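Read the structure below first, then the notes.
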There are 2 protein chains.
Amino acid sequence: MRASDRAYQALRDDIVEWRLPPGTVLGEVEQAERLGVSRTPLREALGRLTAEGLAAPHSGRGVVVTAISLDHAVELFELRSALECQAASLAARRGKREQFRSLQQEFDSAAALLRGDDPDRHRYYELVARLDTDIDEAAANTYLSQALKNLRVHLVRIRRLAKDNPDRLLASATEHANIAGAIAEGDGQLAAAATLLHLHNSLDHLKSTQQSTPQSSERTAS
Amino acid sequence: MRASDRAYQALRDDIVEWRLPPGTVLGEVEQAERLGVSRTPLREALGRLTAEGLAAPHSGRGVVVTAISLDHAVELFELRSALECQAASLAARRGKREQFRSLQQEFDSAAALLRGDDPDRHRYYELVARLDTDIDEAAANTYLSQALKNLRVHLVRIRRLAKDNPDRLLASATEHANIAGAIAEGDGQLAAAATLLHLHNSLDHLKSTQQSTPQSSERTAS
DNA sequence: GCTAACTCGAGTGTATACACAAAATCCCTA
DNA sequence: TAGGGATTTTGTGTATACACTCGAGTTAGC
């Protein structure tokens with residue numbers, strides 16, 4: 001693997017895992033030494049991060065890790081709903097019905113999984129990821145997929161703000177089942193509606209957990 | 001201005017203006033010499049172009065200008081409608097009414113402009129650009145704006161495929177007036193609907209001009 | 001005669017050196 | 001003592017050199 005790819009992945013992981021919190025200045029020499037690569041590939045990595053919006057130029061001198069807060073989450077979900085509703089709608093029109101019918105059934109039975117402990121919960125997250133991937137593929141739209149891919153980087157980062165609780169996960173499974181079901185029916189409008197509902201509830205949940213523990217305001221001012 | 005910025009803008013312009021047609025191999029040394037910069041800033045420029053989707057890695061060796069065809073236009077408009085409908089809807093909720101009311105009036109009277117010759121037509125395009133900008137601003141969503149900005153680069157490229165005809169421009173002015181009017185009313189649903197209609201008609205027009213002169217298939221195979 | 005392997009070349013990936021710009025610190029002056 | 005200017009330092013922007021990889025062409029062997 002190329003040094004620039006390694007640097008990019010390392011930095012990206014460090015940012016989305018909050019090991020490099022928002023506001024951190026990413027000096028070229030400093031990061032190059034830390035990651036054991038030269039400045040040239042590291043600059044390429046920083047360029048990619050900047051293009052994705054994970055980092056931003058800092059007053060002419062270096063780049064900083066961009067801030068992420070509840071306000072950003074609201075904006076992010078406005079973009080997300082537009083993209084995912086469209087994706088779901090297109091998938092309903094173009095996807096294979098059996099594929100999404102079976103996903104729906106998996107989500108229906110996932111309720112059982114979620115009563116278990118962490119290993120099972122991990123399998124649930126994999127299932128969600130599979131639905132996303134399959135919708136992407138069924139939508140068969142390169143540009144839309146690319147936009148969603150860019151978006152998901154930020155969503156991973158946001159996820160650290162939310163605390164999953166069992167009730168929400170259970171509701172989420174039902175919502176996902178509804179989405180998969182609507183796509184399986186080939187009903188684009190319904191699929192978009194189910195997606196919108198799911199995203200609305202997800203954001204609501206995020207807001208409620210944030211209001212009770214507003215711990216992120218320490219960095220967002222930078 | 002930085003050398004990497006100059007190289008990026010030059011390459012970007014050359015691509016969207018079809019001076020570098022799809023399939024063109026962008027060799028680093030070759031382009032660096034042509035643009036009078038070193039390989040280092042040119043690599044940065046190529047990286048940005050690749051991130052935007054204007055260029056793509058070419059079998060592990062160099063990058064090529066990506067293909068753009070009617071099929072791509074269809075996909076592009078599927079993404080575009082999702083983004084612009086959302087933007088229009090948010091603008092209706094958050095924008096200043098008088099601002100869009102006045103834009104609506106300008107579009108209403110633009111019909112007169114379009115009967116004139118090219119200088120006036122240029123002013124019409126500026127008006128369209130201003131509506132886009134104002135919607136962007138009123139939507140007040142960084143991520144959405146960024147996604148739209150990325151998208152518009154490709155749209156400029158597509159525009160070269162279409163031939164504007166006076167009838168279409170006249171209809172387009174009316175559609176834009178409808179969009180501005182709906183936003184001025186604060187009616188998000190209506191604004192989204194008007195936007196969707198406009199985009200549908202635009203794509204239809206593109207398709208019809210393409211079917212009559214399918215001259216672009218020469219390069220799309222590469 | 002055809003296929004496979006080796007060699008040569010072109011072009012990319014990476015490292016490093018150098019130049020320039022900006023920010024911070026220190027010293028001098030008021 | 002405070003403020004401003006100059007100098008130093010740090011960090012980025014650019015150029016270039018070197019190494020490595022991939023591909024094409026040629027030659028040799030079957």
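For clarity, every value in this text was computed on a predicted model and none was experimentally measured. The basis for the numbers below is simple: all heavy atoms, side chains too, and nothing from hydrogens, waters or symmetry mates. Below, read A as the first sequence line, B as the second, and so on, with proteins coming before strands; counting in each chain starts at 1.
Annotation: side-chain hydrogen bond (donor to acceptor under 3.5 Å, both in side chains) contacts of N201(B) (sequence neighbours excluded): E175(B). Under the rule for a ring pair (Phe, Tyr, Trp, His ring centres under 6.0 Å), H205(B) has no partner lying at least two apart in sequence or in another chain. Residues forming a side-chain hydrogen bond (donor to acceptor under 3.5 Å, both in side chains) with T142(B) (at least two apart in sequence, or on another chain): E75(A). Judged as a side-chain hydrogen bond (donor to acceptor under 3.5 Å, both in side chains), and not counting sequence neighbours, the contacts of E78(A) are R94(B), N141(B).
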Please produce a list of atom pairs where a protein N or O lies less than 3.5 Å from an N or O of nucleotides 16-20 of chain D.
from, atom 1, to, atom 2, distance (Å)
dT16(D), O4, T40(B), OG1, 3.1

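Spacing between atom CG of L26(A) and atom C1' of dT12(D) amounts to 14 Å, rounded to whole angstrom units. Counting to the nearest Å, the P atom of dT12(C) and the CD atom of Q31(B) are 10 Å from each other. Summarising the geometry, the separation between CE on M1(B) and P on dA21(C) is reported as 16 Å, rounded to the nearest angstrom. Taking atom CZ on R43(B) and atom P on dG11(C), their separation rounds to 14 Å, with Å as the unit. Whole-Å rounding puts the E30(A) CD to dT10(D) P distance at 13 Å. We find that CD of E28(B) is positioned 14 Å from P of dA15(D), with the value rounded to whole Å. Between E44(B) atom CD and dG13(C) atom P the separation is 15 Å, expressed in whole Å. Rounded to an integer number of Å, the gap from CD of E33(A) to C1' of dT12(D) is 15 Å.
Between E17(B) and R157(B) no salt bridge is recorded (no basic side-chain N to carboxylate O distance below 4.0 Å). For the pair D5(B) and R48(B), the salt-bridge criterion is met [side-chain N within less than 4.0 Å of a carboxylate O].
Nearest to the side chain of R2(A), among dT14(C), dA15(C), dT12(D), sits dT14(C).
Taking the centre and axis of the six-membered ring of Y124(A), the NZ or CZ atom of R121(A) falls outside the cone set by 45° and 6.0 Å.
Shown are R34(A), Q31(A), Q9(A); of these, the side-chain hydrogen bond (donor to acceptor under 3.5 Å, both in side chains) with D14(A) is made only by R34(A).
A perpendicular orientation is assigned to the rings of Y143(A) and H72(B), their planes being inclined by more than 60° (bins at 30° and 60°).
Listed by residue number, there are no residues of residues 3-10 of chain A with a heavy-atom contact under 4.0 Å to DNA chain D.
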